[in-house]
Enquirer: 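The structure's right below; bear with me while I get my questions together.
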Amino acid sequence: MKSNCRALMFIAAALIISSVSLPAAGQETGDAGSQPIPTPETKISYNWYLSYVNGKKKGADLDEFQLRRGYINIKSKFNDWLSTRITPDLTLDREGDGKGDLKMRLKYAYVKFSMPSRGIFTKPAIEFGLVHRAWLDFEQKVNVYRSQGTMFMQRNGLFGSADKGITFMSLLGGQMDDEYRKKVNDKYAGRYGSLALGIYNGGGYHALENNRNKVFESRLTLRPLP
């Protein structure tokens, strides 16, 4: 537990230091006495799932406080087209010699290239690294009833929310109006829908790559009557 905490603090400190010490991409350093160079905007947020459960699971009595998962999101925006994200994920080790320990793993670690809108494609972007997969992030953003557990697809071992690879995503036909994005949902709020497609290792962010195959995944969500 202590080593995991130290590692987490080291990652956060290293990213913050590097973010505030590097000039924004495409800007030159000035002479002494000139205006200070703008630095990347870095935001840190956190999210955790705490619970107390009492009952039975697979016939056995269950009575315990639980830390289901915990995230720390560190996002840096260097300019209008380049940003990064790193998200350590705390989870309970349920197997092996460390059974019962809290362990840290990376869920997201990617660089994002945002591109200008063109034609029907609004706010297109590419993520490269340990990225969102095409489907589950969309489902998580529109499913307002999700609380603590994993989504159905992930819970049944079909696919996860993140993987090593590359993802292209875009809104379609502009954005919904400000009232919709404020009162309903500002995620994936394309006027005529959104799409995402990508190529991934296939095992997910917490599994080894055991073959040379790659997985292609795509999603097309339409809003015919905006």
Side-chain angles (χ1 to χ4, degrees), residues 1 3-5 7-8 10-12 15 44-51 53 57-58 66-76 83-113 124-170 187-188 194-221:
M1 177 62 181
S3 60
N4 287 336
C5 291
L8 180 59
F10 176 80
I11 291 173
L15 187 64
I44 301 176
S45 61
Y46 53 87
N47 185 23
W48 59 68
Y49 296 87
L50 307 173
S51 66
V53 294
K57 183 177 181 180
K58 296 181 179 179
Q66 295 182 344
L67 170 60
R68 305 294 294 271
R69 286 174 298 158
Y71 302 115
I72 298 178
N73 299 305
I74 307 171
K75 299 179 180 180
S76 292
S83 59
T84 60
R85 174 180 177 178
I86 183 169
T87 299
D89 173 20
L90 292 177
T91 187
L92 182 65
D93 191 350
R94 299 184 179 277
E95 299 177 339
D97 296 337
K99 185 176 181 180
D101 291 343
L102 285 175
K103 64 179 182 180
M104 183 186 70
R105 59 193 181 188
L106 284 180
K107 184 170 185 178
Y108 299 110
Y110 60 77
V111 58
K112 182 176 181 179
F113 302 95
I126 294 175
E127 294 178 357
F128 178 74
L130 187 52
V131 301
H132 294 96
R133 289 185 64 156
W135 170 255
L136 267 187
D137 186 62
F138 170 80
E139 184 182 2
Q140 290 170 348
K141 293 298 191 299
V142 300
N143 186 345
V144 297
Y145 299 102
R146 184 192 179 204
S147 180
Q148 294 186 10
T150 55
M151 304 301 288
F152 176 84
M153 298 293 189
Q154 189 173 9
R155 189 165 61 249
N156 287 276
L158 299 179
F159 52 79
S161 56
D163 205 342
K164 302 176 188 71
I166 184 169
T167 298
F168 170 81
M169 58 191 70
S170 177
K187 307 300 182 184
Y188 295 99
S194 64
L195 65 83
L197 53 92
I199 300 175
Y200 315 103
N201 280 349
Y205 68 96
H206 51 75
L208 294 175
E209 172 65 355
N210 292 320
N211 55 48
R212 299 175 60 187
N213 298 331
K214 292 294 174 282
V215 173
F216 174 77
E217 183 179 327
S218 62
R219 174 188 60 81
L220 175 62
T221 307

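Bear in mind that the values here come from a model prediction, so they are computed numbers and not experimental data.
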Enquirer: CZ/F128 to NZ/K164 distance, rounded to the nearest 0.5 angstrom?
Expert: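 It comes to 12.0 Å.
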Enquirer: With a 4.5 Å limit on heavy-atom distance, are the side chains of L106 and I86 in contact?
Expert: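 A side-chain contact under 4.5 Å exists here.
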Enquirer: With distance as the sole criterion, is a donor-acceptor pair present between the side chains of Y200 and T167 under 3.5 Å?
Expert: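 Yes - a donor-acceptor pair under 3.5 Å links their side chains.
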Enquirer: What pair of heavy atoms forms the shortest contact from N211 to N213, and how long is it?
Expert: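 Looks like OD1-N, 3.1 Å.
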Enquirer: Report the distance from atom OG of S218 to atom CD1 of I199, rounding to the nearest 0.5 Å.
Expert: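 Result: 11.0 Å between the selected atoms.
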Enquirer: Looking at CD1 of I72 and CG of L90, how far apart are the two atoms once the value is rounded to the nearest 0.5 Å?
Expert: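 Result: 6.5 Å between the selected atoms.
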Enquirer: Kindly state each residue pair satisfying salt bridge (charged side-chain N to carboxylate O under 4.0 Å, His left out) with at least one member in residues 201-212, sequence neighbours excluded.
Expert: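 Qualifying pairs, neighbours excluded: E209-K214.
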Enquirer: Would you check if F138 and T221 make a side-chain contact, meaning some heavy-atom pair closer than 4.5 Å?
Expert: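 Side-chain contact under 4.5 Å: yes.
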Enquirer: Going by the rule side chain to side chain donor-acceptor pair (under 3.5 Å), which residues pair with N47 if we only count those two or more places apart in sequence or in a different chain?
Expert: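 Result, side chain to side chain donor-acceptor pair (under 3.5 Å) vs N47: Y49.
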Enquirer: Measure across A125 and K112 and return the closest heavy-atom pair with its distance rounded to 0.1 Å.
Expert: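 Shortest heavy-atom separation between A125 and K112 comes out as CB-CE, 3.6 Å.
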Enquirer: Of all the heavy-atom pairs spanning E217 and A134, show the shortest one and how long it is.
Expert: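 What the structure gives for the nearest pair is OE2-N, 3.4 Å.
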Enquirer: For L50 and L67, work out which heavy atoms get closest and say how close.
Expert: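 Shortest heavy-atom separation between L50 and L67 comes out as CD2-CD1, 3.4 Å.
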Enquirer: Starting at CD of E127, measure out to OG1 of T84 and round the result to the nearest 0.5 Å.
Expert: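 Going from CD on E127 over to OG1 on T84, the span is 11.5 Å.
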Enquirer: Taking Y108's backbone N and O only, do any of them form a donor-acceptor pair with T87's side chain (distance below 3.5 Å, no angle check)?
Expert: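 The answer is no, because no donor-acceptor pair under 3.5 Å joins these two groups.
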Enquirer: Looking at every non-hydrogen atom in both residues, tell me the closest pair between K107 and D89 and how far apart they are.
Expert: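 Closest heavy-atom pair between K107 and D89: CB-CB, 4.0 Å.
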Enquirer: With a 4.0 Å cut-off, would you call D137 and R133 a salt bridge?
Expert: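 Result for this pair is no, no salt bridge flagged.
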Enquirer: For residues Y71 and S45, determine if any side-chain heavy atom of one lies less than 4.5 Å from a side-chain heavy atom of the other.
Expert: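 Not in contact.
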Enquirer: Going by the rule side chain to side chain contact (heavy atoms under 4.5 Å, CB included), which residues pair with V53 if we only count those two or more places apart in sequence or in a different chain?
Expert: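 With sequence neighbours excluded, V53 shows a side chain to side chain contact (heavy atoms under 4.5 Å, CB included) to S51, L62, E64, Q66, given in chain and number order.
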Enquirer: Any heavy-atom pair between the side chains of S161 and E139 that's under 4.5 Å?
Expert: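 Not in contact.
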Enquirer: Would you say F216 has more than 12 foreign heavy atoms packed within less than 6.0 Å of its CZ?
Expert: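 Yes, CZ of F216 has more than 12 neighbouring heavy atoms, counting only those of other groups under 6.0 Å.
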Enquirer: Kindly indicate whether the side chain of R85, heavy atoms from C-beta on, has any atom under 4.5 Å from the side chain of H132.
Expert: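 When only atoms from C-beta onward are counted, H132 and R85 do touch, with a gap below 4.5 Å.
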